[in-house]
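A short worksheet on the structure shown next.
Values in this document were obtained by computation on a predicted structure and should not be read as measured data. Quick note: residue numbers are just sequence positions, from 1.
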Amino acid sequence: MTTAQTQELDVQPTPLALLLLGREADPKSERGVECPGDLPSPSDPDLVERARKAKEKLGDKVFVLGHHYQRDEVIQFADVTGDSFKLARDAAARPEAEYIVFCGVHFMAESADILTSDDQKVVLPDLAAGCSMADMATAEQVAECWDVLTEAGIAEQVVPVSYMNSSADIKAFTGKHGGTICTSSNAKRALDWAFEQGEKVLFLPDQHLGRNTAVRDMGMSLEDCVLYNPHKPNGGLTADQLRAAKMILWRGHCSVHGRFSLDSVNDVRERIPGVNVLVHPECKHEVVAAADYVGSTEYIIKALEAAPAGSKWAIGTELNLVRRLANRFAPEGKEIVFLDKTVCFCSTMNRIDLPHLVWTLESLAEGNLVNRIEVDKETEAFAKLALERMLALP
């Protein structure tokens with residue numbers, strides 16, 4: 001439809017439509033904006049050497065963080081690897097580093113900026129490296145949800161618990177309303193704490209981690225959980241449903257982990273007799289219930305490290321990590337396969353490639369600060385409060 005036709009019909013494109021068409025940019029969105037500057041060609045045979053030289057020139061001024069889901073071509077230049085929260089804490093433990101180059105996604109870089117000093121500058125090699133899950137809860141939507149809870153007369157009983165995979169705005173909302181942040185490895189501890197503070201939990205933004213933790217780890221029933229859909233009036237729930245629920249789950253999910261299905265589990269068991277199925281708790285409840293082991297990214301790595309030689313494993317998490325683990329443990333005779341037959345990388349995490357990393361490091365080495373991620377002071381203060389509550393968990 002042309003602009004003239006749109007005007008004739010008196011239809012105005014929404015801000016989201018303009019964003020997706022590339023005609024607008026939202027600095028608070030995980031979707032990011034176009035990366036400025038000329039990127040090196042991905043076919044440049046000297047990229048590895050260029051990255052090495054730029055990093056060497058920067059010396060201790062730069063600290064490169066690599067999330068487990070990054071490409072191998074990027075991971076090779078990481079000073080430390082880990083999950084999002086471990087990397088943010090590692091950055092805070094390096095106060096001498098002027099530049100923190102975060103090879104991950106937008107919310108991770110925000111967390112690093114919140115936890116590091118004002119003198120440190122956090123850089124994301126590609127501003128369009130976002131997180132679809134984090135995008136599924138905006139500050140405006142969550143504020144509207146809180147109004148719905150207030151109208152239902154239960155807001156004072158509700159404690160927000162937000163997954164680390166959320167924007168700084170959502171973390172700040174959580175801190176402002178007496179809640180805490182959690183990771184996939186400490187979600188039960190966070191929920192135990194929350195239920196000591198109130199009668200109900202609003203869990204943001206991943207419904208599956210919230211549901212799996214409540215039902216699998218805390219003994220609740222599926223009936224104790226309701227799903228709040230921000231795209232429906234009152235979240236698609238009645239006031240009575242909200243009053244009866246213990247867990248109010250936000251309708252969000254991980255686009256990678258959400259792909260795994262019960263059919264995936266059944267199929268791999270038929271194909272590989274004796275296989276151990278190990279999945280991330282961001283997977284759907286029926287997948288988690290059918291798996292042999294469930295745990296965070298760090299848990300998955302440690303489980304495979306401790307696994308006996310000759311054991312067989314089907315892993316339900318991002319493919320870059322699974323492939324890296326398969327190669328790492330092949331000499332020990334451990335057979336490691338991807339749980340699903342369909343190849344599925346995290347598309348936004350994969351935006352951080354070697355050309356973007358080279359452009360970033362060379363720009364910094366030349367004294368040009370690029371792609372800085374900076375959280376405003378008020379948001380930072382409340383988000384840090386929520387993070388500190390997590391750090392204080394027993």
Side-chain angles (χ1 to χ4, degrees), residues 20 30-31 67-72 83-84 104-108 128-137 163-166 183-185 187 203-213 215-216 222 225 227 229-231 249-272 275-301 303-304 312-326 335-353:
L20 294 175
E30 290 286 331
R31 297 178 185 85
H67 190 273
H68 287 309
Y69 296 166
Q70 286 292 306
R71 306 161 179 255
D72 287 346
D83 62 16
S84 57
V105 294
H106 194 272
F107 79 80
M108 300 179 186
C131 171
S132 59
M133 180 201 296
D135 261 350
M136 292 176 190
Y163 190 22
M164 192 73 184
N165 299 29
S166 58
T183 68
S184 52
S185 58
F203 194 90
L204 299 152
D206 180 25
Q207 60 169 303
H208 300 305
L209 177 62
R211 183 181 296 108
N212 290 328
T213 306
V215 176
R216 182 178 180 272
L222 289 173
C225 306
L227 190 63
N229 185 343
H231 303 291
L249 305 170
W250 193 263
R251 189 176 182 268
H253 65 276
C254 170
S255 58
V256 171
H257 293 105
R259 290 181 58 89
F260 300 114
S261 66
L262 188 56
D263 287 342
S264 303
V265 178
N266 294 334
D267 177 72
V268 81
R269 291 197 191 281
E270 288 182 11
R271 289 188 291 112
I272 308 176
V275 71
N276 297 284
V277 177
L278 170 56
V279 302
H280 195 282
E282 289 177 20
C283 293
K284 297 172 184 174
H285 182 68
E286 58 266 28
V287 173
V288 165
D292 300 301
Y293 304 94
V294 181
S296 66
T297 305
E298 295 291 342
Y299 174 93
I300 289 171
I301 295 170
L304 294 175
K312 303 173 183 179
W313 297 84
I315 311 299
T317 194
E318 205 273 343
L319 183 56
N320 271 318
L321 175 61
V322 176
R323 188 169 59 184
R324 191 175 301 124
L325 292 171
E335 181 181 348
I336 298 170
V337 301
F338 191 57
L339 178 58
D340 196 12
K341 286 182 177 179
T342 304
V343 172
C344 186
F345 295 100
C346 176
S347 58
T348 49
M349 189 79 74
N350 257 344
R351 293 191 68 95
I352 308 296
D353 56 12

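For the pair Asn165 and Asp206, the minimum side-chain heavy-atom distance is 4.5 Å or more. Between Val105 and Tyr69 there is no side-chain heavy-atom pair separated by less than 4.5 Å. Contact check for Asp83 versus Thr183: no side-chain heavy atoms found under the 4.5 Å cut-off. Between Tyr163 and Pro205, some side-chain heavy-atom pair lies under the 4.5 Å cut-off. Lys284 places none of its side-chain heavy atoms less than 4.5 Å from the side chain of Arg211.
Under the ring-ring contact (aromatic ring centres under 6.0 Å, His included) criterion, Phe203 pairs with no residue at all, not counting sequence neighbours.
Taking the charged nitrogens against the carboxylate oxygens, Asp263 and Lys341 have no contact shorter than 4.0 Å, which rules out a salt bridge.
Partner Lys312 forms a side-chain contact (heavy atoms from CB on, under 4.5 Å) with one of Ile336, Val275, Val268 and no other, that one being Val275.
When every heavy atom of Val277 is checked against every heavy atom of Val265, the shortest pair comes out as CG2-CG1, 4.3 Å. The heavy-atom pair separating Arg269 from Ala290 by the smallest distance is NH2-O, 2.8 Å. In this structure, Ala291 and Val279 approach most closely via the heavy-atom pair CB-CG2, 3.7 Å.
Side-chain atoms of Asn212 come within 3.5 Å of backbone atoms of Pro281 as a donor-acceptor pair (strictly under, hydrogens ignored). At distances below 3.5 Å, not a single donor-acceptor pair connects side-chain atoms of Arg251 with backbone N or O atoms of Met136.
Between Leu249 atom CG and His208 atom NE2 the span is 10.0 Å, to the nearest 0.5 Å.
Classification of the Trp313-Tyr293 ring pair by plane angle, with boundaries at 30° and 60°, yields tilted.
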